[in-house]
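Below is one structure; the comments refer to it alone.
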Amino acid sequence: MKHISDCTILNNGVKMPWLGLGVYQAAEGEEVERVVTTALRTGYRSIDTASLYGNEQGVGKAIQKSSIPREQTFVTTKVWNTEQGYESTLASFESSRKKMGLEIIDLYLIHWPVKDKYKETWRALEKLYKEGWVRAIGVSNFHIHHLTDLMADCAVIPAVNQVEYHPRLTQVNLQHFCKQHHIQLEAWSPLMQGKSLDHPTLVELGRKHGKSSVQIILRWDIQKGVVTIPKSVNEERIQSNADIFDFDLSTEDIAQLDAMNRNERTGQNPDNFEF
């Protein structure tokens, strides 16, 4: 993991960059087009959006306007909770694909494990995958019991599980389960929404390596084998977030960061979310 273009290899052989840009809360239109363009110019090749975000069209425009060949970019989007179910998921995917103006989506995720729906939703994702409309399929916000239930009778094992993951919420058991089943863990909200960035451990390690607390966390993510997608609409932060490939955290450094865990969430628990 020495370059922003470095990738993990998913369980179906597809390459996915370790670092990507999340565009949650980036406004559709000029803003999201600008931040995606900035990210691509900086060297990012992975962009993470969702039906819920309402900015898929702008993401697609920025990718199409870029001089970077489409096969060198990696685009993720997700089916929202109210769109889940077999036929409605297929319709939602087609809507997302048309908004982005892309023939094929690289990774398509179930956004949350909606009870009594996520299995039918997964069946739709399997159809899209088998027909070649998506290069990989996965889930988001799935606990171990959700994954176990899904995998009991699925035809395709999820390639990715995107969850809240940061030094205050290390999800050790979930990460172990995903590794055991060759499911790539991916971190949303890796920076804890800016909370705890002044934690003594982060400050100390930042001083040691000549990096910011943010850069320490993002480097910790990828050295833990977790894909990370920090979001920002600020050009300088987008560039700074990518400056994590010129140093390594030691085993002791990583242990210090692991010890920050308090099982604290900034978002909702997948067992009782309210949307």
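Numbers here are sequence positions counted from 1.
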Given Thr77 and Glu56, is the side-chain hydrogen bond (donor to acceptor under 3.5 Å, both in side chains) satisfied, shown in steps?
-> CA-CA 8 Å; Thr77 193; Glu56 291 172 311; 2.6 Å; yes
Just grab all the salt bridge (charged side-chain N to carboxylate O under 4.0 Å, His left out) pairs involving residues 174-189, residues at least two apart or on different chains.
-> none
Would you please say whether a donor-acceptor pair under 3.5 Å links the side chains of Asn241 and Tyr44?
-> no
Any salt bridge (charged side-chain N to carboxylate O under 4.0 Å, His left out) involving residues 210-222? Give me the pairs, sequence neighbours left out, ordered by first then second residue.
-> Lys211-Asp243, Lys211-Asp246, Arg219-Asp248
Do Arg168 side-chain atoms and Met260 backbone N/O form a donor-acceptor pair below 3.5 Å?
-> yes
Side chains of Trp220 and Asp253: donor-acceptor distance under 3.5 Å anywhere?
-> no
Taking the six-membered ring for Trp, is the centroid-to-centroid distance between His209 and Phe247 below 6.0 Å?
-> yes
Any ion pair linking Glu120 and Arg123 (charged N to carboxylate O, less than 4.0 Å)?
-> yes
Only pairs under 3.5 Å count here: list side-chain donor-acceptor contacts from residues 187-195, not counting sequence neighbours, and write none if there are none.
{"unit_1": "Trp188", "atom_1": "NE1", "unit_2": "Asn141", "atom_2": "OD1", "d": "2.8"}
{"unit_1": "Ser189", "atom_1": "OG", "unit_2": "Thr266", "atom_2": "OG1", "d": "3.3"}

Can you tell me if Glu83 and Ser88 form a side-chain donor-acceptor pair at under 3.5 Å?
-> no
Please step through side-chain contact (heavy atoms from CB on, under 4.5 Å) for the pair Leu150 and His146, ending with a clear verdict.
-> CA-CA 6 Å; Leu150 184 70; His146 296 123; over 6 Å; no
Indicate yes or no: does Arg207 engage Glu204 in a salt bridge with an N to O separation below 4.0 Å.
-> no
Donor on one side chain, acceptor on other, Asn55 and Thr49, under 3.5 Å | yes
Under 6.0 Å between the ring centres of Tyr118 and Phe142?
-> yes
Side-chain donor-acceptor contact under 3.5 Å, Thr8 with Gln184 = yes
Any sub-3.5 Å donor-acceptor pair from Lys99's side-chain atoms to Gly58's backbone N or O?
-> no
Any side-chain heavy atom of Met16 within less than 4.5 Å of one from Cys7?
-> no
Please test Trp80 against Phe275 for side-chain contact (heavy atoms from CB on, under 4.5 Å), starting from the C-alpha separation and ending with a verdict.
-> CA-CA 10 Å; Trp80 183 238; Phe275 35 71; 3.5 Å; yes
Could Lys65 and Glu33 be called an ion pair, given the rule that one side-chain N must be under 4.0 Å from one carboxylate O?
-> yes
Is there a donor in the side chain of Arg70 and an acceptor in the side chain of Thr73, or the other way round, less than 3.5 Å apart?
-> yes
dist Asp116:CG -> Gln84:CD (nearest 0.5 Å) comes out at 11.0 Å
Is there a side-chain contact (heavy atoms from CB on, under 4.5 Å) between Leu107 and Val160 once you walk through the steps?
-> CA-CA 9 Å; Leu107 177 63; Val160 170; 3.9 Å; yes
Report the distance from atom CG of Leu40 to atom CD1 of Ile47, rounding to the nearest 0.5 Å.
-> 5.0 Å
For the residue pair Tyr129 and Asn12, confirm or rule out a side-chain donor-acceptor distance under 3.5 Å.
-> yes
Would you say the side chains of Asp271 and His145 form a donor-acceptor pair under 3.5 Å?
-> yes
Do Lys78 and Tyr53 pass the side-chain hydrogen bond (donor to acceptor under 3.5 Å, both in side chains) test, and can you show the C-alpha distance, the side-chain angles, and the key distance before you say yes or no?
-> CA-CA 9 Å; Lys78 314 173 193 76; Tyr53 302 170; 3.3 Å; yes
